[in-house]
Colleague: 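One structure, as structure tokens, below. Some questions next.
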2 protein chains.
Amino acid sequence: MRVRLEDVARAASVSPKTVSRVLNDEANVSDATRKRVLAAMEAMDYRPHPSARSLAGSRSFLVAMLYDNNDNPASTYLAEIQDGVLEACDEHRYSMMVRPLRMRGDDFIRRLDTLISDHHPDGVVLTPPITDYAPLLKRLRERNVPYASVSPMQRNGVIGVTMDEQGAARAIVEHLLALGHRRIAHVIGIADHGASRWRLAGYREAMAAAGLPEDPALVVQGAFTFGSGVAAARELFALEQRPTAVFAANDDMATGVMWAAGEYGLKVPHDLSVCGFDDTPLARQLWPALTTIQQPSREMGKIAATQLLNLLRGRGPGQLVQVPFSLQIRDSTARVP
Amino acid sequence: MRVRLEDVARAASVSPKTVSRVLNDEANVSDATRKRVLAAMEAMDYRPHPSARSLAGSRSFLVAMLYDNNDNPASTYLAEIQDGVLEACDEHRYSMMVRPLRMRGDDFIRRLDTLISDHHPDGVVLTPPITDYAPLLKRLRERNVPYASVSPMQRNGVIGVTMDEQGAARAIVEHLLALGHRRIAHVIGIADHGASRWRLAGYREAMAAAGLPEDPALVVQGAFTFGSGVAAARELFALEQRPTAVFAANDDMATGVMWAAGEYGLKVPHDLSVCGFDDTPLARQLWPALTTIQQPSREMGKIAATQLLNLLRGRGPGQLVQVPFSLQIRDSTARVP
DNA sequence: GACACGGATGACAGCGCTGTCAATTTGCTG
DNA sequence: CAGCAAATTGACAGCGCTGTCATCCGTGTC
């Protein structure tokens with residue numbers, strides 16, 4: 001019926017243990033033996049039984065990807081990260097499990113414990129915004145579960161992948177400055193998300209570098225949602241000195257800003273330049289198409305998972321890899337009127 | 001260290017086998033014993049080891065969700081279905097695995113085989129458009145892997161969940177008819193997707209019921225993408241007798257139609273009514289907001305998974321449940337000019 | 001009161017692998 | 001070529017559970 005390790009052993013005239021060694025890339029197997037065993041495995045299309053492996057050994061060959069489905073960032077973003085993580089897991093013959101963790105509510109630590117007790121993942125991949133939630137990280141360390149993060153805020157000792165969010169925000173504001181804008185507003189994302197802080201910092205840095213003193217009226221709080229973008233924009237348009245450009249901390253809020261501009265009879269980009277962050281599919285579908293920052297989400301998921309897997313498989317300590325962003329200049333930004 | 005079944009057995013003064021019976025809801029355990037065992041489990045916070053269970057028994061307690069990441073429908077839709085499936089699996093203490101399967105390319109049957117051989121899922125959940133791909137269904141039956149589908153086209157003997165897509169399409173076209181429209185165009189989705197066919201059928205049915213002969217020029221092929229919506233709309237707008245309303249088979253194409261309307265100087269909804277299908281978040285964020293059909297995706301994922309799990313757990317044969325749609329009338333449709 | 005019967009319970013082996021440790025072989029050294 | 005360490009290989013138990021089958025017990029029957 002099913003080909004077992006023992007069958008391979010018999011075919012290769014070695015003991016089961018030796019086949020196990022080859023299967024797990026262990027040392028102390030002669031090249032000749034290794035080749036013979038690999039050939040037998042190949043010939044018999046041998047598939048190790050994951051349950052038997054994890055029962056007998058100490059590893060589960062399972063990676064869990066954790067995400068927050070409450071303050072959900074764009075689902076496209078998560079879906080792409082998930083695809084990347086999955087790809088990396090497949091390459092290393094690990095399986096992957098996804099776990100939503102509502103950060104609101106106090107039972108999420110219990111849910112994390114349940115995950116660990118029930119499924120024994122060898123490691124987890126953390127996605128924004130739960131990359132920096134201290135109680136969660138603490139629990140993972142207590143439970144001795146290694147993790148890698150996608151775009152963490154705290155970067156000391158963490159492995160995974162980052163993007164230079166601050167630099168990206170700076171680049172987009174510099175783009176607006178180059179178009180002659182001076183009254184540039186910023187709509188902030190959810191306050192305690194790392195992304196919000198870096199993007200705000202980039203905005204401030206670019207403005208300061210251009211010698212423009214910060215006008216508190218031009219920096220308004222949003223919450224990463226379309227509706228919060230609308231609200232923020234209304235606030236901005238009600239100012240006596242309206243901004244000529246708005247940089248929203250994500251595309252959804254930028255869309256809200258464009259909507260509100262319609263309400264106020266402002267033409268984008270003629271009367272108002274708008275830009276976002278993330279390059280969701282939406283950005284290209286808007287009219288006018290949105291100037292924004294693109295990040296390689298899928299790639300980032302893959303890199304984070306790869307770092308984790310390197311660590312799990314004892315291939316060095318794992319790193320925090322930085323990936324490049326790209327400024328997508330489209331039709332929602334133009335020279336100052 | 002870890003609490004094992006044996007520990008629970010000792011605490012409840014029964015044999016391990018009896019604890020196993022309770023754990024698996026088997027018959028032939030007296031109520032008194034069952035209660036005692038359950039109490040012990042609870043008190044000791046016992047967690048069965050999934051690997052041990054699946055190694056010893058014949059089940060893996062694993063459900064795989066298959067999706068096509070090539071002709072990817074809106075990722076939001078899939079993400080919601082995934083959340084629903086996951087919720088159902090959690091409730092039944094099954095674990096879930098997601099598997100992208102590129103339908104393009106001929107290796108996807110091999111990828112399916114790999115999935116089954118490597119992970120031994122007890123069952124799979126199929127999402128559009130792979131609910132009706134014959135070779136895949138055949139292979140699943142050959143391999144004896146039960147499946148449930150979300151919105152399958154072939155409905156005989158299949159379990160899972162459906163929505164009355166044809167009825168929904170009819171409803172949205174009737175809405176346009178009620179607004180006085182007569183020249184109503186339809187942009188079709190990818191030809192071999194079930195969704196495309198049902199939606200086209202609903203369009204035809206409503207038009208016929210209103211006594212309007214079908215004008216082939218008003219029915220154009222799209223591919224579910226924004227770009228294909230733009231192309232289709234350009235074709236329609238170039239007609240001598242332009243349509244006064246366009247029903248696109250999904251929101252992305254409807255967005256494309258609105259974009260093209262902008263190019264042609266047509267104001268939506270004043271000069272042209274547009275509606276879509278799916279109610280993606282995008283629909284609410286457009287300006288004007290899009291009239292469309294909402295389906296309870298998350299709920300649908302949960303229902304499909306629940307039917308599968310009922311089957312797997314021997315609770316009857318599983319059904320094909322129909323869920324209601326809801327017509328979301330927003331600002332992109334208005335009385336005929 | 002002897003017997004049959006069905007429900008409740010338990011003894012035991014084994015699922016397919018890996019950890020431990022012992023046995024064997026190889027390669028060197030002097 | 002003896003002698004020894006290192007490299008290679010194997011024997012065996014056991015991971016935590018479930019399937020099979022045997023045993024036990026209470027009840028009803030004549």
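Residue numbering restarts at 1 for every chain, and letters A, B, ... go by the order of the sequence lines.
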Colleague: Using atom CZ of B:F61 as one end and atom P of D:dC17 as the other, report the distance to the nearest whole Å.
Modeller: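 After rounding, the reported distance stands at 11 Å.
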
Colleague: On DNA chain D, check which nucleotide each of B:L55 and A:K17 is closest to and give me the residue with the more 5' one.
Modeller: A:K17

Colleague: Which nucleotide in the set C:dT18, D:dG10, D:dG16 lies at the smallest distance from any side-chain heavy atom of A:S15?
Modeller: D:dG10

Colleague: Rounded to whole Å, please give me the gap between CG in A:D7 and C1' in C:dC17.
Modeller: 13 Å

Colleague: Measure distances between side-chain N and O atoms of B:R21 and base N and O atoms of C:dG10, and say whether any donor-acceptor pair falls under 3.5 Å.
Modeller: yes

Colleague: Using whole Å, report how far CG of B:N28 lies from P of D:dT18.
Modeller: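 So the CG-P distance, B:N28 to D:dT18, works out to 16 Å.
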
Colleague: Could you check whether B:R139 pairs with B:E142 (Lys NZ or Arg NE/NH1/NH2 to Asp/Glu carboxylate O, under 4.0 Å)?
Modeller: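 The answer is yes: the pair qualifies as a salt bridge.
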
Colleague: Please give, in whole Å, the distance from D:dT8 P to A:E26 CD?
Modeller: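 Interatomic distance, CD of A:E26 to P of D:dT8: 13 Å.
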
Colleague: Whole angstrom is fine here: how far is it from CG in B:L23 over to P in D:dC17?
Modeller: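 To the nearest whole Å, that distance equals 8 Å.
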
Colleague: Rounded to whole Å, how long is the line connecting atom CD of A:E6 with atom C1' of D:dA13?
Modeller: 15 Å

Colleague: Look up atom CG in B:L140 and atom CG in B:L66, then write down how far apart they are to the nearest 0.5 Å.
Modeller: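 The distance works out to 7.0 Å.
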
Colleague: Could you state the CZ-P distance from A:R47 to C:dC15, rounded to the nearest angstrom?
Modeller: 22 Å

Colleague: Ignoring the backbone of B:T18, work out which of C:dT9, C:dC17, D:dT18 is nearest its side chain.
Modeller: C:dT9

Colleague: Could you check which of C:dG16, C:dT9, D:dC17 has an atom nearest any side-chain atom of A:A56?
Modeller: C:dG16

Colleague: How many whole angstroms separate atom CG of A:D122 from atom C1' of C:dT18?
Modeller: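 Distance check: A:D122 CG to C:dT18 C1' gives 14 Å.
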
Colleague: Is the number of heavy atoms from other residues, nucleotides or ligands under 6.0 Å of B:R155 CZ greater than 12?
Modeller: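 Enclosed.
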
Colleague: Measure from the side chain of A:T33, starting at C-beta and using heavy atoms only, and say which of C:dT9, C:dC17, D:dT9 lies closest.
Modeller: D:dT9

Colleague: For C:dG16, take OP1 and OP2 only and decide whether either is under 4.0 Å from a side-chain N or O of A:Y46.
Modeller: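 So the side-chain polar atoms of A:Y46 never come under 4.0 Å of the phosphate oxygens OP1 or OP2 of C:dG16.
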
Colleague: Identify, between B:R36 and B:A52, the residue whose nearest nucleotide on DNA chain C lies closer to the 5' end.
Modeller: B:R36

Colleague: From D:dC17, D:dG19, D:dT9, pick the nucleotide closest to the side chain of A:V29?
Modeller: D:dT9

Colleague: Where the side chain of A:S30 is concerned, which of D:dT8, D:dG16, C:dA8 is the nearest nucleotide?
Modeller: D:dT8

Colleague: Give a yes-or-no answer on whether the side chains of B:S117 and B:R143 include a donor-acceptor pair shorter than 3.5 Å.
Modeller: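 A donor-acceptor contact under 3.5 Å links the two side chains.
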
Colleague: To the nearest 0.5 Å, what is the distance between CG on A:L86 and CD on A:E91?
Modeller: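 That separation rounds to 10.5 Å.
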
